[in-house]
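To start, the structure itself, in structure tokens.
Chain naming here is simple, since letters A, B, ... match the order of the sequence lines and numbering starts at 1 in each.
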Amino acid sequence: MRRGLEPHLAGARLVRVDQRRPDLRFPFPNDFAARLKGARVMALNRRAKYLLAPLDTGETLVAHLGMTGRFTVEGRTPGDFHYAAGADPKHTHLVLVTDGGIAISYNDARRFGYMALIPTASLDQSPYFKGLGPEPLGPEFGAQVLVHAFAGRRQSVKVTLLDQRVVAGLGNIYVCEALYRARINPERQAGDLSPAEIKRLAKAIISVLAAAIDAGGSTLRDYRSAEGALGYFQHAFQVYGREDEPCLTPRCNGQVTRLVQGGRSSFFCRVCQR
DNA sequence: CGATGCCCCTGAGAGC
DNA sequence: TGCTCTCAGGGGCATC
């Protein structure tokens, strides 16, 4: 999403802001539209699951997409891009128009997303970012991070990986897929994993995320890239959403199991994930 | 500390 | 066609 939006947003000035309702998951910031209008977007960054747009006003627009949140870009000419392709316009809650003549709309059926404006200078100290773990594709992430985080931890490795304080930005799909790639049963206590297993897991996390980004993300239900394109990593899911289907590991002959952990579905193969 | 369930909200799909 | 039920890329909070 960040990669799709960046060319349209970074460097652009927001000439019109159409805020269509007072809240998403939380209320929009006070005077939200007025604080955005006229501002120049200096860059488009990401930390964990947050999109970050530092503005020339000294504030940074922070956006979390929740489950169904989606930014869509509309081109200068109708047909340039798919305008909120596949999205019900009644759930378009915010439209930003840039001086480049581009409209960027935020659509979110369930409204689990939220936005904030935080002084750029104190971003790292804000409650959104304080305490977040390292970026899994960043230089500081590796097996050692997990070795420390897992030590003595009795919680399941699945639930531990979804904890944003351990690693930032992993969600349900990619945790399931990473555990499959690492051949680790999601029910295992984090503190019981061997160094070799943790090493496999760290590598699996990195490889599954890199592959998914390469594929343009995973299109399930609502997700599309900023320019309306469908990601296609969902076709590469090896366990997620494949309950009762055969395990794809050669000669395994197991089948994919679903179980609920921490209120979310885990998908895995009991035969090859130990 | 950890597990569980409920909540926010809307829509899709299955089964009857 | 319509109803009811379950489930959904997230995550905060209360309870036990």
Side-chain angles (χ1 to χ4, degrees), chain A residues 1-2 4 20-28 46-51 62-71 84 86-93 106-116 126-133 136 149-180 186-192 205 208-209 211-213 215-226 230-244 256 258-267:
Chain A
M1 182 67 76
R2 189 203 71 79
R20 302 186 179 175
R21 55 175 297 128
D23 56 6
L24 297 171
R25 176 171 186 174
F26 305 116
F28 279 104
R46 181 195 57 75
R47 171 79 171 108
K49 295 174 184 172
Y50 298 94
L51 280 172
V62 176
H64 192 297
L65 306 181
M67 299 271 271
T68 52
R70 172 170 142 195
F71 282 102
D88 187 331
K90 79 173 175 223
H91 298 305
T92 293
H93 308 307
Y106 180 74
N107 186 285
D108 189 352
R110 293 176 74 182
R111 302 202 303 277
F112 287 172
Y114 48 94
M115 299 191 196
S126 84
Y128 297 104
F129 303 102
K130 211 173 42 178
L132 277 181
F150 287 3
R153 199 151 171 149
R154 313 247 282 259
Q155 201 174 37
S156 71
V157 61
K158 166 74 188 307
V159 170
T160 301
L161 288 176
L162 285 174
D163 186 335
Q164 303 294 296
R165 296 169 299 186
V166 172
V167 192
L170 291 183
N172 198 33
I173 289 178
Y174 299 120
V175 168
C176 290
E177 294 297 319
L179 286 166
Y180 170 78
E187 300 167 296
R188 295 274 301 283
Q189 288 181 11
D192 285 351
I205 288 168
V208 76
L209 291 178
I213 291 170
S218 300
T219 299
L220 263 68
R221 296 171 283 276
D222 313 276
Y223 176 80
R224 282 165 192 244
S225 76
L230 303 176
Y232 49 90
F233 191 70
Q234 69 278 9
H235 302 302
F237 291 169
Q238 294 178 281
V239 285
Y240 185 85
R242 296 191 61 249
E243 184 180 13
D244 295 337
V256 176
R258 182 178 84 95
L259 93 126
V260 175
Q261 294 178 285
R264 333 196 76 90
S265 290
S266 294
F267 296 89

Quiz item: Is the Tyr106(A) ring parallel, tilted or perpendicular to the Phe71(A) ring (thresholds 30°, 60°)?
Solution: tilted
Exercise. Could you tell me whether the side chain of His91(A) and the main chain of Pro89(A) form a donor-acceptor pair under 3.5 Å?
Key: no
Quiz prompt | Atom-pair distance (CD1 on Ile173(A); P on dA8(C)), nearest Å | solution = 11 Å
Practice problem: Please state how far atom CD in Gln261(A) lies from atom P in dG2(B), giving the value in whole angstrom units. | Solution: 14 Å
Quiz prompt | Those residues of residues 153-164 of chain A lying under 4.0 Å from DNA chain B by at least one heavy atom | solution = Arg153(A), Arg154(A), Gln155(A), Ser156(A)
Practice problem: Identify the heavy atoms of Pro136(A) and Leu209(A) that sit nearest to each other, and give their distance. | Solution: CG-CD1, 3.5 Å
Quiz item: For DNA chain B, what string of dots and brackets results from 5' to 3' when Watson-Crick and G-U pairs need both distances under 3.5 Å, crossing pairs get [ ], and pairs with another strand get |?
Solution: .|||||||.|||||||
Quiz item: Where is the tightest heavy-atom contact between Arg111(A) and Asp23(A), given as atom of each residue plus distance?
Solution: CD-O, 4.1 Å
Quiz item: Counting side-chain heavy atoms from C-beta on, which of dG11(C), dC8(B), dA8(C) comes nearest to Lys49(A)?
Solution: dG11(C)
Self-check item: Separation of the P atoms in dT10(B) and dT1(C), to the nearest angstrom
Solution: 24 Å
Exercise. May I have the distance from Asp23(A) (atom CG) to dT10(B) (atom P), rounded to whole angstrom?
Key: 10 Å
Quiz item: Is Arg21(A) atom CZ crowded by more than 12 heavy atoms from other residues, nucleotides or ligands, each under 6.0 Å away?
Solution: yes
Practice problem: Quickly work out the Leu65(A) CG to dT10(B) P distance and round it to whole Å. | Solution: 18 Å
Quiz prompt | Given DNA chain C, 5'-ward residue of the pair Arg258(A) and Arg264(A), judged by closest heavy atom | solution = Arg258(A)
Self-check item: Donor on one side chain, acceptor on other, Lys90(A) and Asn107(A), under 3.5 Å
Solution: no
Between N or O atoms, less than 3.5 Å apart, protein on one side and nucleotides 12-14 of chain C on the other: list the pairs.
{"from": "dG12(C)", "atom 1": "O4'", "to": "Arg25(A)", "atom 2": "NH2", "distance (Å)": "3.3"}

Quiz item: Of the nucleotides dG11(C), dA8(C), dC9(B), which one has an atom closest to the side chain of Phe267(A)?
Solution: dA8(C)
Quiz item: Can you tell me how far the CZ atom of Phe237(A) sits from the CZ atom of Arg242(A), to the nearest 0.5 Å?
Solution: 11.5 Å
Quiz item: What is the distance from CG of Asp88(A) to P of dC9(B), rounded to the nearest Å?
Solution: 18 Å
Quiz item: Just by distance, with hydrogens left out, do Arg110(A) and Thr68(A) show a side-chain donor and acceptor under 3.5 Å apart?
Solution: no
Practice problem: Between dT4(B) and dC7(C), how far apart are the P atoms? Round to whole Å, please. | Solution: 16 Å
Quiz prompt | Smallest separation among heavy atoms of Tyr240(A) and Glu177(A), with atom names | solution = N-OE2, 2.8 Å
Quiz prompt | P spacing across the pair dC9(B) / dC13(C), given as an integer number of angstrom | solution = 16 Å
Practice problem: Whole angstrom is fine here: how far is it from CZ in Phe150(A) over to C1' in dG2(B)? | Solution: 16 Å
Self-check item: Any donor-acceptor pair under 3.5 Å from Lys49(A) side chain to Ala63(A) backbone
Solution: no
Quiz item: Does the distance from a Lys or Arg side-chain N to an Asp or Glu carboxylate O, for Arg153(A) and Asp163(A), drop under 4.0 Å?
Solution: yes
Quiz prompt | Nearest-Å distance once atom P is located in both dT6(C) and dG5(B) | solution = 14 Å
Exercise. Would you indicate, yes or no, if dG11(B) has its OP1 or OP2 atom less than 4.0 angstrom from a side-chain nitrogen or oxygen of Thr68(A)?
Key: no
Quiz item: Under 5.5 Å between ring centres and under 30° between planes: true for Phe112(A) and the base of dG11(C)?
Solution: no
Exercise. Kindly point out which of dG11(C), dG11(B), dA8(C) is positioned nearest to the side chain of His91(A)?
Key: dG11(B)
Quiz prompt | Option among Ile173(A), Asn172(A), Val167(A), Val166(A) that satisfies the side chain to side chain contact (heavy atoms under 4.5 Å, CB included) test with Leu170(A) | solution = Val167(A)
Practice problem: Specify the residue among Arg111(A) and Val260(A) whose closest nucleotide of DNA chain B lies further upstream toward the 5′ end. | Solution: Val260(A)
Quiz item: Contact class for Gly263(A) (heavy atom, under 4.0 Å): base, sugar-phosphate, or nothing?
Solution: nothing
Quiz item: Relative to each other, are the rings of Phe233(A) and Tyr174(A) parallel, tilted or perpendicular (30° and 60° limits)?
Solution: tilted
Exercise. Let me know the distance between CZ of Arg165(A) and P of dG11(C), rounded to the nearest Å.
Key: 12 Å
Practice problem: Could you work out the separation of dC6(B) and dC5(C) based on their P atoms and round it to a whole Å? | Solution: 15 Å
Practice problem: Check every atom of dC7(C), dC9(B), dG11(C) against the side chain of His64(A) and return the nucleotide holding the closest atom. | Solution: dG11(C)
